[in-house]
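In what follows, every chain begins at residue 1, and chains take the letters A, B, ... in the order their sequences are listed. As the structure is a computational prediction, the values presented were derived from the model and not from experiment.
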Amino acid sequence: MNETLGTLLIIAFVILGVLHVAPGLIWLERRLLALWQDRYGPNRVGPFGLFQVLADAIKMFFKEDWIPPFADKATFILAPCIINVTALTAFAVIPFAPGWSVVDMSVGLLFFLAMSSLGVYSVTLAGWASNNKYSLLGGLRASAQMLGYEVFMGLSLMGVVLMSGTFNLAKIVEAQQNTIWYCVPQFLGMMLFLIAGIAETHRLPFDLPEAEAELIAGFHSEYSSMKFGMFFIGEYIGITLISCLMTVLYFGGWDGPTFGISEGLALKLVQFGWFAAKTFVFLCLFILLRASFCRPRYDQLIAFGWKIMLPLSLANLLITGAALLALE
Amino acid sequence: MLSLIKTMWLVFLHSFSRRETTQYPDEMPYYPPRWRGRIVLTRDPDGEERCVACNLCAVACPVACISLQATEDEHGRRYPDFFRINFSRCIFCGYCEEACPTYAIQLTPDFEVSEYRRKNLVYEKEDLLISGPGKYPGYNFYRVAGLAIKGKGKGEAECEEPPVDPHSLLP
Amino acid sequence: MAKLLIDGKQYEAEAGQNLLHVCLSLGLNLPYFCWHPALGSVGACRQCAVKQYRDENDKQGRLVMSCMTPVTEGMVITLEDPDSKEFRATIIESLMTNHPHDCPICDEGGECHLQDMTVMTGHNYRGYRFKKRTFNNQYLGPFINHEMNRCITCYRCVRFYHDYAGGGDLAAFASKNHVYFGRHEDGALESEFSGNLVEVCPTGVFTDKTLKEHYTRKWDLQTAPSVCVHCAQGCNTIPGERYGEIRRILNRYHGEVNGYFLCDRGRFGYSFVNAATRIREPRLRRAKEGALESVTKQALLAELGAAFKDREKVIGIGSPRASLEGNFALKTLVGDSRFFAGVADKEAKLVSLALEILQDGPARSASLKDVERCDAVLVLGEDLTNTSPRLALSLRQLVRNAPLGLAAKAGIPDWHDLAAREIIQDEKGPCFIATAAATRLDDIAAETYHAAPEDLARLGFAVAHALDPEAPRVADLSPDAAALAARIAEALRSAKRPLVVSGTSLGSEAVLEAAANVAWALSKEGQGADLSLVVPECNSLGLALLAEGGIGRALEAVKKGEADTLVILENDLYRRAPKKAVDELLDTAKRVIVVDHTEHATTAKAAALLPAGTFAESDGTLVSNEGRMQRFFQVFVPKGEIQESWRWLRELMLAAGFGERVAGWNSLTDVHHAMLEAQADLAAVTAAAPDPSFRVTGLKIPRQPHRYSGRTAMNAHINIHEQKPPEDPDSPLTFSMEGFLGRAPSPLVTRFWAPGWNSVQALTRFQEEVAGPLRGGDPGVRLIEPAPDARKSYHSHIPAAHQPSDGELLLVPLHQIFGSEALSALSPAIEQRTAKAALALSAEDSKRLAVADGDEVEVTICGLPRRLPARVVASLPKGVAGAPVGLPDLPSVVSLPERVRANKAVVR
């Protein structure tokens, strides 16, 4: 009973938390981009312009929700839901603190990979259902990109799995607590995962599916109102998810000084605090990337994935395996 | 790869640089007198309309947002019967000011031209006329033009001889 | 042709022609002021200097005035060398020392030859620091504004006004730097061609006073090619519109018709288009005695459609001032047998006679240019200055040009104006004028003859007999007249190209027949003859081609009960037939429907009024008295329900339910095709101008100049959302500034403008050669060509001589250029120049009646008793009196000549 209640609490916490982090991120992104571009960013509505997001959300809700007459209606509506569902579901396996996860799954990492692969359906279907050549091109780009980057994303993680000997995310964190944060031994793997993660979320510089200079707005050209908003939110949930995983897989998850607190809720809160802080840093990194880089050409992007990243991740796997064998 | 990281670092360093933008409207920026903002019609030093309805501003306007009609008072002084600027079309290029031979039309540093109804952006002569000479305080076109108006007969303008008597054959 | 080298490039040009003429014809830019293609060269302004070299090896060269230098074989010149360029810039600079700082308030600004030339020479800063010379202006009447300060002393005004147009009251005064162009005192310019000063003056000294009332720059005027509707000459015009009003009329050069000049009636008579008396919405009289109420188009058509079912009972009355298309639509509406010309039967007969003479006879119908090419003329019965002013100006040129042979003999080319005139001195081409009273052309006549219409005809018959003994002899001719006839015959016979001018204005068939006899007798002589017959209105000949019979026939039909509904097209019947007859006609008919653009006595009696477009608001075709079919194009889209007459008539037919034939009339071309099917002699109508599908490089031709301003503001106070420009299904022109910007084909030239040439002088860029035909041929199609071998028998009905009978006067119609034509008379400017109605009496008769100038006389004219002031006209023969035609204060002077009795009015 108590356990079920705890799980439900965590589910509620995850859903509400993540769904609020996403809009918060919008504000954060706009403020940070402004900071790095020597501007102020939104600072008029509410303290520090925080309510700007609220205003935007209200606007988004009340805009005309228009489905083009030439679109495939059912798919058109379904597409934005998929991205949210898959991204949120993937959060189920994230351990925020010891014992704080929706499910403590032994194949947690595989589950995450599965969910993030499913996410591509959202974009592809949205592009297809819009029945618009620009949208379709965006959707096709997204699927090609996902295909390319998914492969080495999985491979890059295998280094971590080899070292920890488990797919369970909580156990991976514990393994790091016992040894060393994997960002050191798995530096290459971490870089590969980061790049793959950016590509997975179609963030700049890998936002070719929506490349507004060429494709209007790519797969979501025809979307308006909250359907567009859901793509928007989905993207930010994706960013949060990748940041969480970076923390869990390479930066010791909740690991950090506990300031002498050794038990109870307080300990868990401190541990969660560490987890959140690390995640926040990666979120900021994502935004910094956007502020710094321009978009590569599409063929460069695909070639980069297949010709450089894939061999590198295989090499990483090989070296890690060899090193482990040697150490044994 | 290094250059990428350098880029990120340089961008990150901007966290500590000064903001280029100002906090308008709390902080009003300085606008130079020759700023090209809202258009006005000025008056000559005698308080009369400077515009002589020559149509040059209208023809210079690349968006054709100036429309006027010339008329004359009983003494032959020409002025605009109506003078209309459609600010919803104006691009504030300043060509009209450039073209104006009498310094009548001038652009001012007021750029806060916004309305909820487009129709309110159509300014008639009454809306455009100001009571002073604007940027060129001394100029009075009719003092240098050859046309006679009330209070200035032939040969009474600047740099003019008195009218010739055509009946005289003297040199 | 001579080869010459200009700036290193080889050209070919006519040897002997002046160099300026040649350069401009070749499309080169060379500034000039005093030269004018119609006035010739005088070499006064020194502006057109170029450098001439002995041969290609000569590096020195010398400056010559191109307008004074004839082209010779192998000539080498340059326009671009620094010396001549500097010379030209210096000339401009000195001209500009006294030019006022006026351009912004000058009406010439933007179409000023001086501006163009100043820019062309590159003089842009005033270096002269001293005071400017000034002048006082003069009042020159309601047409012309005077601003003497702007004068650059090119003398073109006086050379046109005095030398070319024969005006006596504009001259150069004073001397040196004080030369003043004006009248001896304030007052209206007397010449009927004073309006041309606006175009002749290269700067803003003489400007259009009617334009000043609602001044608009050239670049803001929407313009379209048009044809003047104020007389039958068919002069080409360019009306300009802004804000829904016609602002001015400019001359549109036509090599064969009006050339460079218009008369003042044509130029200043446009105000009726803007008048308050315009009909702008459909009106309906619901009760017989009720007033006309404005109704919607739908309501009107529903009402009329229902009342119109019985087509057999409808009569159509056409109009000589409506387009062919309008008249044809009415003819289609009522059927051939029930369509009548909207003129008195007598006038219809006269015009038909004129048409027959031109169509079937061997004499060629002369264009105005032909008139200028002739070298002897007999004017029979026509006061040209008042009935067809532009023809009078051409006649003046005939007289001036005929002796140019003297100059040629001395080796002086025609264009060398000053020298040629010096040789000619007072020599004049033989011109004989036989009219009822003195005319404004008498000063150029070799001999004049003033007599009653019968006697004029007898003189004509006598001349014909003198030329060809086979022509009928005139019995009992007075010895004076016989001697005169012999002299005229001799002069005409010895001319290379004789001309006979006559017309319908005296209302005499005999005069027309006599003129025809003279022309035919001359044709028989071998050298051929030109014949110019003046008809009353702009489309009189066109109407004569469509209709037989006039108002009288219509009245008969109505009286007999054959018809009860009248459809009157653009016509005030009270100006055409006696009041009694028109009253009877309008009162007998059950329903009177009038399609017209302006209110008048007839519209006041209408049961329904349909607002038609004027010449400026519709497209159409007119037939001039030369027999030239010319298209006029719509200038602007009017507000309200105004539309072309043929569109109203079509809608009427559709509403009445018998419109199957006209349902397909969607554009003017559809009407033309129907016309072509119905009447083969009008087939040329499609050739008068390109049809609406015509495109240049896929584009229509814009009516608005490419600098047209204010598009996004002119209607912003009414509607902030800009409307799309109106479509024009009837012509290849658009109501917009977008379209083909190059040189359009000649019938579609909407304005004369070329890069660097903003003034009317840009015209040279549109001509094949300066003063030659427009590029691609002058517009219009001649319907009437002579039948050279026709052996028409002479007219032999010679009237008896006029016998002054005791107490009775023969009242003849006297036309006035200002006032006699209905539409132009509505213009305030024309109104100011309109002389008050007066009864012209001969000296003898005034003595007999004991009246002096200005005394009131009682007389019954056309059945209506009148009191008119007397005007003693010494030239009137005894027993002949004259009444003005068509004056606003004396309407219903129709069906003259007639015999009347006049008495001195008792002063009450």
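Within the 4.5 angstrom heavy-atom criterion, only side-chain atoms of C:Arg150, from C-beta onward, approach chain B. Heavy atoms closer than 4.5 Å to chain B are found in the side chain of C:Asp220, but not in its backbone. For B:Val122, the part sitting under 4.5 Å from any heavy atom of chain C is the side chain, from C-beta outward, and nothing else. Contacts between C:Phe130 and chain B at a heavy-atom distance below 4.5 Å involve the backbone alone (N, CA, C, O). Contact of B:Thr71 with chain C is not made at all, since no heavy-atom distance falls under 4.5 Å. Only the side chain of C:Asn149 comes within less than 4.5 Å of a heavy atom in chain B; its backbone stays farther off.
Here B:Arg118 is the residue among B:Arg117, B:Arg77, B:Arg118 with the most heavy-atom pairs under 4.5 Å with chain C. Of all the listed residues (B:Ala70, B:Cys65, B:Ala157), the one sharing the greatest number of non-hydrogen pairs under 4.5 Å with chain C is B:Cys65. Chosen from B:Leu121, B:Asp165, B:Leu68, the residue pairing most often with chain C at heavy-atom distances under 4.5 Å is B:Leu68. For chain C, the option among B:His167, B:Glu72, B:Glu158, B:Glu124 with the highest count of heavy-atom pairs below 4.5 Å is B:Glu72. No other option in B:Ala58, B:Ala148, B:Cys57, B:Ala53 has as many heavy-atom pairs under 4.5 Å with chain C as B:Ala58. When the candidates C:Cys106, C:Ala713, C:Ser709 are compared by the number of heavy-atom contacts under 4.5 Å with chain B, C:Ala713 comes out ahead. Contact tally against chain B (heavy-atom pairs below 4.5 Å) for C:Asn98, C:Ile720, C:Asn719, C:Thr712: the top residue is C:Thr712. Heavy-atom pairs under 4.5 Å with chain C were tallied for B:Ala145, B:Pro163, B:Cys61; the largest tally goes to B:Pro163. Annotation: maximal heavy-atom pairing with chain B below 4.5 Å, among C:Gly109, C:Pro104, C:Ala174, occurs at C:Pro104. Between chain B and the options C:Arg217, C:His214, C:His721, C:His717, the largest number of non-hydrogen pairs under 4.5 Å is found for C:His717.
Listed here is the closest heavy atom pair of B:Phe141 and B:Pro101: CD1-O, 4.4 Å. Pairing each heavy atom of C:Val198 with each of C:Thr207, the nearest pair is CG2-C, 3.7 Å. Smallest separation of non-hydrogen atoms from C:Met148 and C:Asn136: CB-O, 4.2 Å.
Judged by distance alone, with hydrogens and angles left aside, the side-chain atoms of B:Arg84 form a donor-acceptor pair with the main-chain N or O of C:Met714 at under 3.5 Å. Looking only at distances, no side-chain donor or acceptor of C:Thr203 sits under 3.5 Å from a matching main-chain atom of C:Cys151.
In this structure, C:Arg242 forms a cation-pi arrangement with C:Tyr708, its terminal cationic atom sitting closer than 6.0 Å to the ring centre and no more than 45° off the ring axis.
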message: As a quick check of understanding, evaluate side-chain hydrogen bond (donor to acceptor under 3.5 Å, both in side chains) for B:Tyr24 and B:Glu112, giving each step before the final call.
response: CA-CA 12 Å; B:Tyr24 171 86; B:Glu112 291 163 320; 2.4 Å; yes
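C:Tyr161 and C:Asp169 share a side-chain donor-acceptor pair at under 3.5 Å.
Note on ring orientation: taking the six-membered ring where Trp is involved, the planes of C:Trp757 and C:His113 are tilted (angle from 30° to 60°). Note: B:Phe111 and B:Tyr31 have tilted aromatic rings, judged against thresholds of 30 and 60 degrees for the angle between ring planes.
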